[in-house]
Amino acid sequence: MSIITSIINALPGAVAQGLIWGIMAIGLYITYKLLNISDLTVDGSMCTGAAVCVMLTIAGMPLPLAMVCAVIAGMLTGFVTGIFHTFMGIPAILAGILTQLSLYSVNLKIMGKANQALSVRNYDLLVSLQYIRNVPLWKNAIFVVAAFVVVLIAILYWFFGTEYGCSLRATGSNLNMSRAQGINTSFNTVIGLMLSNGIVALSGALLAQYQGFADVQMGRGAIVIGLAAIIIGNAVFGKIFKNFAFKLLAVAFGGVIYYIVYQIVICLGIDPDLLKLLSAMVVAVFLAIPYWKKTYFSVPKKGGNQNA
Amino acid sequence: MKKIISIILAAALVIALSACNQSSATYTIGILEYSTHEAQSLAVQGFMDALTEKLGNEVSFQKQHASGDANSATLIANNFVTQNVDLILCDNTQSLQISAAATATIPVLGAAVTDYAQALNVSLASASTGINVSGTSDLAPLESQAEMILELFPDAKNVGLIYCSSEVNSLYQINSVQQYLLSKGISCAEFAFTDSNDLAAAVQTACEFSNVIYLPTDNTIAECTGIINDICHVAKVPVIAGEKGICSGCGVATLSIDYYELGKKTGLMAYEILTNGADISKMPIEYDENCTKMYNKEIAEELGITVPEDYIPIE
């Protein structure tokens with residue numbers, strides 16, 4: 001079989017994995033873009049979601065309920081970061097790092113050990129690496145995760161359109177102005193962090209089912225993958241997608257593109273030791289392009305001076 | 001921007017075309033390497049050597065390295081399954097779990113994976129997993145290792161057990177050794193560390209507490225034997241190690257299994273599956289039965305420890 005056919009055959013797996021990370025990136029989008037905070041909690045809360053989902057499922061809880069509990073657990077981690085940041089006045093990045101660090105111990109205690117298997121043979125899981133081929137459409141991992149993405153975007157679109165959602169976005173745009181309008185910005189920041197980490201935990205719960213285990217190391221470096229998805233999505237679809245819902249969709253697509261490229265790299269047999277370096281460079285380049293465009297290639301608008 | 005992406009993708013495809021070379025081998029075997037541990041690569045090497053010896057040119061290997069990242073490993077497993085390889089070999093717990101999640105039909109063999117029951121959440125009542133997974137285990141006879149501590153250090157009162165908290169197999173080994181030692185009335189203490197950053201502190205504390213230190217077969221420990229040796233040497237605390245590699249770096253003695261032989265054993269299992277149509281779900285997990293008592297001459301002399309005659313020095 002030639003490598004091209006093998007790449008094409010391997011794509012569905014990469015798409016499913018990319019969509020799961022896309023959900024994680026949507027969670028990150030709320031803090032990174034809307035609240036204007038770089039929240040490093042996600043490296044830990046992803047595993048928290050996975051651990052809670054796996055342990056509760058093994059304990060006999062129905063899977064949907066276990067996933068709801070995973071989301072709640074994720075929201076709690078966001079709450080902790082929020083309290084660190086607002087109530088205790090710790091800078092946002094440091095607050096996230098502190099929570100992430102403590103979550104390592106918490107996750108170990110949730111699972112009781114470093115790695116816990118959740119086999120698709122013993123449990124009726126929603127998604128699995130095996131549900132990529134030769135399964136009915138409604139069971140296909142891509143279909144299931146895509147449904148999650150669509151519902152999630154619909155809920156977020158509605159939420160950020162409500163009065164409260166608008167005040168949350170205002171908090172991220174201009175903190176002082178929002179406070180002047182009588183918005184409780186500290187409260188909003190905490191709610192935003194909770195929402196974000198809840199979504200990240202949901203993606204962790206899906207990922208654990210997809211790969212068949214939860215591992216205490218699984219969220220390590222998640223923030224870079226999430227940022228890569230946001231940035232790639234914005235760079236590729238930014239011109240076409242203006243609506244908020246489509247912007248979130250672009251983030252999910254960003255995750256898919258990231259993993260397709262990753263899969264091609266693996267199919268080509270490039271030394272995977274270099275992968276982390278490559279992905280960091282991809283993110284750096286995508287981050288630099290808008291800046292270079294502005295600095296070196298921008299044409300001054302006509303009449304710019306008069307309007308200024 | 002779309003253009004740039006499409007150019008990159010197109011370029012990737014062109015490289016793929018030019019790199020495309022088809023092999024004429026009858027059997028293709030995907031090797032999913034996850035860990036960076038020396039012992040594990042020895043096992044993989046043994047596996048490849050045994051199969052090449054048996055099948056010659058009929059077998060071709062696709063070795064891909066996930067460098068300790070579950071996401072890469074998932075994509076690699078996905079790649080192997082779509083290529084419909086004849087067999088997948090895994091070198092540790094995580095890669096075994098991912099491969100088992102990726103396919104229910106392609107045989108999955110583990111080379112030197114410690115604990116199959118915990119990795120796959122199955123019962124090993126009949127010594128086989130009952131699913132498309134089997135292999136060899138690098139589980140050293142833990143009771144005999146614990147016995148070794150008593151044999152060499154009959155006066156030891158406190159034994160320190162050091163392990164990395166992110167490695168599930170290490171905890172398993174520590175618990176077994178601890179159980180045995182406690183039953184002999186020796187007090188034990190666990191010293192867990194998170195990663196190589198706080199390893200030194202854990203070893204330092206362990207040295208204060210213990211007469212003897214036991215190190216399990218643990219990836220992080222295997223990578224950091226130098227620093228462990230520095231600390232234990234100064235504190236004059238002897239170390240009993242779970243395997244040869246760690247022992248040669250910082251230990252006095254070990255009851256070592258041979259990872260290369262274990263890999264060869266896995267290779268023979270693969271041969272049975274590929275050519276003789278053996279049913280993998282009924283193949284029992286195999287262990288290394290020929291453990292050898294080994295000791296580190298240099299460190300033993302420095303500490304003034306005389307080992308019994310049946311110990312072989314590590315070269």
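Per chain, numbering begins at 1; letters A, B, ... match sequence-line order.
Using a 4.5 Å cut-off between heavy atoms, Q62(B) makes no contact with chain A at all. The contact between I58(A) and chain B is made entirely by side chain atoms (from C-beta outward), counting heavy-atom distances below 4.5 Å. In this structure, the portions of Y210(A) lying under 4.5 Å from any heavy atom of chain B include both its backbone and its side chain. Interface remark: D215(A) contributes side-chain atoms only to the contact with chain B (heavy atom separation under 4.5 Å). Contact of I98(B) with chain A is made through backbone and side chain together, with heavy-atom distances under 4.5 Å. Contacts between A100(B) and chain A at a heavy-atom distance below 4.5 Å involve backbone atoms as well as side-chain atoms. Neither the backbone nor the side chain of N175(B) comes within contact range of chain A; no heavy atoms are under 4.5 Å apart. With a threshold of 4.5 angstrom between heavy atoms, L125(A) does not approach chain B through any atom at all. If you measure heavy-atom distances from A70(B) to chain A, the contacts under 4.5 Å come from both the backbone and the side chain. Contact of E167(B) with chain A is made through the backbone alone, with heavy-atom distances under 4.5 Å.
Distance alone, capped at 3.5 Å, places no donor-acceptor pair between the N121(B) side chain and the L118(A) backbone. No donor-acceptor pair closer than 3.5 Å links the side chain of R121(A) to the backbone N or O of L120(B).
Residues A119(B) and A117(A) come closest through the heavy atom pair O-CB, 3.0 Å. Scanning all heavy atoms of the two residues, the minimum distance from Q118(B) to K113(A) falls at OE1-NZ, 2.8 Å.
A donor and an acceptor atom, one from each side chain of Q263(A) and N79(B), are nowhere located under 3.5 Å apart.
Put simply, CG on N107(A) and OG on S166(B) are 12.0 Å apart, with the number rounded to the nearest 0.5 Å. A distance of 11.5 Å separates OG of S99(B) from CD of Q211(A), quoted to the nearest 0.5 Å. Taking CD1 from I266(A) and CZ from F80(B), the interatomic distance works out to 9.5 Å, rounded to the nearest 0.5 Å. The OG1 atom of T74(B) sits 8.0 Å away from the OH atom of Y259(A) when rounded to the nearest 0.5 Å. Within the model, atoms CD of Q17(A) and CG of N71(B) stand 5.0 Å from one another, a figure rounded to the nearest 0.5 Å. From L75(B), atom CG reaches atom SG of C267(A) across 8.5 Å, with rounding to the nearest 0.5 Å.
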Under the criterion side chain to side chain donor-acceptor pair (under 3.5 Å), I'd like the reasoning laid out for Y104(A) against T194(B): C-alpha separation, chi angles, the key distance, then a yes or no. CA-CA 9 Å; Y104(A) 179 88; T194(B) 327; 5.2 Å; no
Show your reasoning for whether side chain to side chain donor-acceptor pair (under 3.5 Å) applies to Q83(B) and N9(A). CA-CA 8 Å; Q83(B) 285 183 47; N9(A) 284 335; over 6 Å; no
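Per-residue counts of heavy-atom pairs under 4.5 Å with chain B were compared for N115(A), V265(A), L11(A); the largest is that of N115(A). For chain B, the option among V120(A), L108(A), I132(A), I225(A) with the highest count of heavy-atom pairs below 4.5 Å is L108(A).
Counted within 6.0 Å of CZ on F246(A), heavy atoms from surrounding residues, nucleotides or ligands total 12 or fewer; the atom is thus considered open.
Side-chain contact between D69(B) and Q217(A): absent, with no pair of heavy atoms (C-beta onward) separated by less than 4.5 Å.
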